[in-house]
Amino acid sequence: MQLVLAVDGHGMFYAQQKLGWFFDPRRLLELAREQAGGEPASALWYAGLKDHTDQRPFRDALTSLGFTVRTRPLREFGGGDAETRHYGRANLEVEIAIDLMAVAGRTDEVWLLSGSRDLERLVEVLRARGLRIVVMSTEGMVARELRNAADRFVDLASLRERLEKAEALQAPVFQRQGAAQATP
């Protein structure tokens, strides 16, 4: 099975805050590998940035895991000084739609980690082309229209054991090995 992952980073950040835990992109890829019986055909992550250095280490880590990372600047609202400046969405739905339409001919299933109502029509078109669409988000963070357009909805809360970031596993190697023996 050819599986494609598409992660709306902005939407998933807020969904994870609502859940009270964060998922590990590495574990998400592992789950996708299990389901697909091999490497996903594509793994795409979309992120809005305040500036070109924003989230750089995280984006580099995603790339090293095998994700293609697409970015756009966040829209800036408010005054010119930092205290009155506010950032809004980057509106990456167009990039998500273009990428998924580009791979649709060689894909069987899409895992769309988003809750954006703006992706409803994309999901309808992909399903009409024969793709199976699984929307992953959490209750209260997914538009009813998107959820209804998909073949299946998976609440991230049900995947906590499989996806939750385990801080002990994420510690740098020098802290994991011999940390108990080291004395200041």
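Residue indices begin at 1 and follow the sequence shown.
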Less than 4.5 Å apart, any side-chain heavy atom of [X] and any of [Y]?
| X | Y | value |
| --- | --- | --- |
| Leu112 | Leu146 | yes |
| Leu92 | His10 | no |
| Leu126 | Met101 | yes |
| Phe153 | Met136 | no |
| Leu29 | Phe67 | yes |
| Val7 | Leu28 | yes |
| Met141 | Leu156 | no |

| said: Is there a salt bridge (charged side-chain N to carboxylate O under 4.0 Å, His left out) between Arg127 and Glu124? Walk through the geometry before answering. | reply: CA-CA 5 Å; Arg127 286 187 67 210; Glu124 291 171 348; over 6 Å; no
| said: Below 30° counts as parallel, above 60° as perpendicular, anything between as tilted: where do the rings of Trp45 and Phe23 land? | reply: tilted
Roughly how far apart are [X] [atom1] and [Y] [atom2], rounded to 0.5 Å?
| X | Y | atom1 | atom2 | result |
| --- | --- | --- | --- | --- |
| Glu164 | Trp21 | CD | CH2 | 6.5 Å |
| Leu113 | Ser137 | CG | OG | 8.0 Å |
| Arg117 | Arg144 | CZ | CZ | 7.5 Å |
| Lys18 | Phe13 | NZ | CZ | 15.0 Å |
| Arg26 | Leu62 | CZ | CG | 10.5 Å |

Which heavy atom of [X] sits nearest to which heavy atom of [Y], and what is that distance?
| X | Y | value |
| --- | --- | --- |
| Ala41 | Gln2 | CB-OE1, 3.2 Å |
| Leu122 | Ala97 | CD2-CA, 3.7 Å |
| Ile133 | Val123 | CG2-CG1, 3.9 Å |
| Val135 | Ser114 | CG1-O, 3.5 Å |
| Ser158 | Asp155 | OG-O, 2.7 Å |
| Leu131 | Ala104 | CD1-O, 3.6 Å |

| Short question: side chain of Arg27, backbone of Glu161 - any donor-acceptor pair under 3.5 Å? | yes
Report yes or no: do [X] and [Y] belong to one cluster of Ile/Leu/Val/Met/Phe/Trp/Tyr joined by side chain heavy-atom distances under 4.5 Å?
| X | Y | answer |
| --- | --- | --- |
| Val142 | Val154 | no |
| Leu3 | Leu65 | yes |
| Met12 | Val69 | yes |
| Val4 | Leu119 | yes |
| Leu44 | Phe58 | no |

Answer yes or no: are there more than 12 heavy-atom neighbours, outside [X] itself, under 6.0 Å from its atom [atom1]?
| X | atom1 | answer |
| --- | --- | --- |
| Glu34 | CD | yes |
| Arg160 | CZ | yes |
| Arg59 | CZ | yes |

| query | Is the shortest distance from a Lys or Arg side-chain nitrogen in Arg147 or Glu139 to a carboxylate oxygen in the other one below 4.0 Å? | reply | yes
